[in-house]
Amino acid sequence: MSRTTIVSIATAVLLATLAGWSQSWAGDLKITEMAVTTKIIKGNPIDSVRRISSTSVKALYCFTRFSAPEDTDTTIKQIWYLNDEAVAEYELPVKGAHWRTYSRKAVEKGTSGEWRCDAVDNEGKVLKSVSFRMN
């Protein structure tokens, strides 16, 4: 076997190993807190909405806190649903062992019903979901 062939094989094995390693890291992504809130102050939610009037707020936020391996650098999606129909989708970064992020959804008149926000990994797996009712 030539030296070039050996180097090529070693490189292919290394790349395959690293690809598997990064995929396992995505599997190690854990949501430690998720809430729909009326406000974020100093990077934290001030409440957790279960039922709310559409006339009482102009926007809601879906806050998510993660625990992950130190060198995590990936994204998640937060998908907002009204009566099981997707109405908004946000792609958000997750970087590092302790990360928090949120999306903002404007509240419009006539948006009463059953709401939920799903946190979804880059493979489409729902990591966590929070639901609330808007009157």
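Model, not experiment: these values are computed from the prediction.
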With the side chain counted from C-beta on, respond yes when [X] and [Y] share a heavy-atom pair under 4.5 Å apart, and no when they do not.
X: Val36; Y: Trp115; answer: no
X: Glu33; Y: Pro45; answer: yes
X: Arg133; Y: Glu114; answer: yes
X: Asn122; Y: Thr74; answer: yes
X: Lys58; Y: Val107; answer: no
X: Leu60; Y: Val49; answer: yes

Check the side chains of [Y] and [X] for a donor-acceptor pair under 3.5 angstrom, ignoring hydrogens and angles.
X: Asn135; Y: Ser54; answer: no
X: Thr64; Y: Gln78; answer: yes
X: Ser129; Y: Asp118; answer: yes

Could you go step by step and tell me if Asp47 and Lys39 meet the side-chain contact (heavy atoms from CB on, under 4.5 Å) rule? CA-CA 8 Å; Asp47 55 12; Lys39 199 176 223 182; 6.0 Å; no
Identify the two heavy atoms, one from [X] and one from [Y], that lie closest to each other, and give their separation to 0.1 Å.
X: Ser67; Y: Thr32; answer: CB-CG2, 3.7 Å
X: Ser112; Y: Asn83; answer: O-ND2, 4.1 Å
X: Arg100; Y: Arg65; answer: NH1-NH1, 3.7 Å
X: Ala88; Y: Lys105; answer: CB-CD, 3.8 Å
X: Ile31; Y: Ala119; answer: CD1-CB, 3.6 Å
X: Ile79; Y: Ala86; answer: CG2-CB, 4.0 Å

Check the orientation of Tyr102 and Tyr61. Use parallel for under 30°, tilted for 30 to 60°, and perpendicular for over 60°. perpendicular
To the nearest 0.5 Å, how far apart are [atom1] in [X] and [atom2] in [Y]?
X: Phe66; Y: Leu127; atom1: CZ; atom2: CG; answer: 7.0 Å
X: Ile41; Y: Ile46; atom1: CD1; atom2: CD1; answer: 5.0 Å
X: Trp99; Y: Asp73; atom1: CH2; atom2: CG; answer: 8.5 Å
X: Leu82; Y: Met134; atom1: CG; atom2: CE; answer: 8.0 Å
X: Tyr90; Y: Cys117; atom1: OH; atom2: SG; answer: 9.0 Å
X: Thr101; Y: Glu91; atom1: OG1; atom2: CD; answer: 11.0 Å

Under 3.5 Å, is there a donor-acceptor pair between the side chain of Thr37 and the main chain of Ser48? no
Judged by atom type as modelled, is there a donor-acceptor pair below 3.5 Å linking the side chain of Trp80 to the main-chain atoms of Cys62? no
Quick one: is the NZ or CZ of Arg116 closer than 6.0 Å to the six-membered ring centre of Tyr81, and within 45° of its axis? yes
Val120/Ile76 under side-chain contact (heavy atoms from CB on, under 4.5 Å): CA gap, chis, key distance, verdict: CA-CA 6 Å; Val120 180; Ile76 59 118; over 6 Å; no
Transitively linked via ILVMFWY side-chain contacts under 4.5 Å: Phe132 with Ile40? no
